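Report on the following structure.
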2 protein chains.
Amino acid sequence: MNKKRKLLIDTSLSLFYSNGINSIGINEILKISGVAKQTLYSHFESKESLILATLEQRHMNFIEWLEIKLQGADSNEKVIIRLFTALESWFTNSEPMLGDFRGCFFINSSAEFSNKSSDISLFCKRHKHKVREIIRLHMTKENPFLLDAICIMKEGAITSAYVTGDYSSAMKCVQILTRYEC
Amino acid sequence: MNKKRKLLIDTSLSLFYSNGINSIGINEILKISGVAKQTLYSHFESKESLILATLEQRHMNFIEWLEIKLQGADSNEKVIIRLFTALESWFTNSEPMLGDFRGCFFINSSAEFSNKSSDISLFCKRHKHKVREIIRLHMTKENPFLLDAICIMKEGAITSAYVTGDYSSAMKCVQILTRYEC
DNA sequence: TATAAAGTAGACAGAGTTGTCTTGTTTTTT
DNA sequence: AAAAAACAAGACAACTCTGTCTACTTTATA
């Protein structure tokens with residue numbers, strides 16, 4: 001049933017994101033979700049298949065969250081402010097849709113799976129491209145240079161927040177990007 | 001002897017960086033280095049101890065490389081140009097001191113080890129602080145705001161280069177930062 | 001040269017991993 | 001109500017992992 005499938009994906013997402021994919025075994029997902037092993041393997045043919053479904057779920061969550069945050073921004077400056085304000089809110093665990101902050105799930109997963117041509121790495125790459133496209137569509141005036149700047153700073157803010165614990169990085173990005181826009 | 005110890009660290013660094021720490025077992029390091037297991041455990045009390053020595057080695061390599069690259073920059077703009085030109089060179093596998101590019105070893109390791117208070121995570125955090133300090137000392141005119149911008153964009157460029165394969169991200173950073181400095 | 005230290009090779013224990021298979025129960029559908 | 005599908009619980013195989021231990025060999029030191 002779709003109910004068990006969803007439960008498995010939700011549990012996996014929570015555990016994978018919090019602990020890293022390679023640190024979580026199938027048995028732990030089964031124990032916490034309360035689902036039987038046979039049920040898992042009737043819905044997913046392998047752990048990798050479950051991982052891909054989990055990445056897909058996270059991607060959907062993140063896109064939905066981002067759309068809400070950028071909705072109604074009526075200038076490029078407002079897009080910048082809304083985006084990085086939302087990121088800061090995420091960093092400080094104030095975004096229930098994204099869970100407790102432990103960096104970007106896609107950056108982290110890319111780090112864990114070194115094979116660049118694996119389905120997992122390719123999915124992470126596509127995710128970043130789609131996020132870029134969403135930001136682009138919310139900008140009121142086309143500006144590829146600014147779009148590049150926003151995307152690079154977004155990655156920098158997330159990484160800085162995670163590795164060094166600097167949660168103010170997002171607001172620094174706003175300062176840099178808005179000052180630059182004048 | 002120090003010779004075996006160094007061989008173990010060099011082999012570990014190469015394998016850990018290329019494949020991810022959790023994807024490489026002790027036995028593989030022993031097979032490739034040709035060192036016996038007992039020798040490894042006479043130099044290091046555990047795998048974690050070897051990981052920390054490997055992080056330390058990478059840190060030294062990176063700091064030495066960075067110092068060379070920033071040496072003699074006589075303006076903040078030159079610091080920016082040199083830093084990001086060096087990063088681009090790294091991204092395109094033209095920096096033998098750093099090996100074939102697979103993102104930042106410290107970002108990747110932070111992603112693999114979720115416990116923020118583990119020695120591994122703390123080491124990665126300290127590494128980033130030290131890199132920041134080196135950049136600061138090379139700047140000819142104090143500018144904390146610009147320093148923040150440089151560090152955030154550096155993380156963004158590395159992450160973008162690794163996850164999305166955009167090796168031009170470094171040059172985009174130069175454009176953004178130098179245009180901003182006027 | 002004799003002794004001590006360091007290294008090799010690999011078996012082994014104990015735990016963990018993914019994935020299969022069996023047996024019995026619950027739930028859904030016809 | 002009967003038949004079919006889905007699920008639970010867990011044993012099991014086959015593998016990998018870290019770390020210890022033993023027996024033997026090479027290298028360095030006194």
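Numbers restart at 1 for each chain; the letters A, B, ... are given by sequence-line order, proteins then strands. It should be emphasised that the depicted structure is a prediction, and the values quoted were computed from it without experimental measurement.
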- Message: Any donor-acceptor pair under 3.5 Å linking the side-chain atoms of A:Asn61 with those of A:Gln57?
- Response: yes
- Message: Check the phosphate of C:dA6 against B:Ser42, side-chain N and O only, distance under 4.0 Å to OP1 or OP2. Yes or no?
- Response: no
- Task: Write down the distance between CG (B:Leu40) and P (C:dA9), rounded to a whole number of angstrom.
- Result: 14 Å
- Does the side chain of A:Ile176 reach to within under 4.5 Å of the side chain of B:Phe145, using non-hydrogen atoms? yes
- Task: Compare side-chain N and O positions of A:His43 against OP1 and OP2 of D:dC7 and report whether any pair is under 4.0 Å apart.
- Result: yes
- Message: Distance alone, cut at 3.5 Å: any donor-acceptor contact between the side chains of A:Arg102 and A:Tyr17?
- Response: no
- Item | Distance-only side-chain donor-acceptor flag, A:Glu95 / A:Ser89, under 3.5 Å | yes
- Whole angstrom value for the distance that separates C1' of C:dG19 from CG of A:Leu50: 13 Å
- Message: Working to the nearest 0.5 angstrom, can you tell me the gap between B:Lys37 NZ and B:Ser42 OG?
- Response: 14.0 Å
- For atom NZ of B:Lys31 and atom C1' of C:dA9, their distance in whole Å: 15 Å
- Message: Tell me whether B:Asp166 is salt-bridged to A:Lys128, with the criterion being a basic N under 4.0 Å from an acidic carboxylate O.
- Response: no
Where do N or O atoms of nucleotides 17-21 of chain D meet protein N or O atoms at under 3.5 Å, pair by pair?
{"from": "D:dT18", "atom 1": "OP1", "to": "B:Ile26", "atom 2": "N", "distance (Å)": "3.4"}
{"from": "D:dT18", "atom 1": "OP1", "to": "B:Lys47", "atom 2": "NZ", "distance (Å)": "3.0"}
{"from": "D:dT18", "atom 1": "OP2", "to": "B:Ile26", "atom 2": "N", "distance (Å)": "2.6"}
{"from": "D:dG19", "atom 1": "OP2", "to": "B:Tyr41", "atom 2": "OH", "distance (Å)": "2.9"}
{"from": "D:dG19", "atom 1": "OP2", "to": "B:Lys47", "atom 2": "N", "distance (Å)": "2.7"}
{"from": "D:dG19", "atom 1": "N7", "to": "B:Lys37", "atom 2": "NZ", "distance (Å)": "3.3"}
{"from": "D:dG19", "atom 1": "O6", "to": "B:Lys37", "atom 2": "NZ", "distance (Å)": "2.6"}
{"from": "D:dC21", "atom 1": "N4", "to": "B:Gln38", "atom 2": "NE2", "distance (Å)": "3.3"}

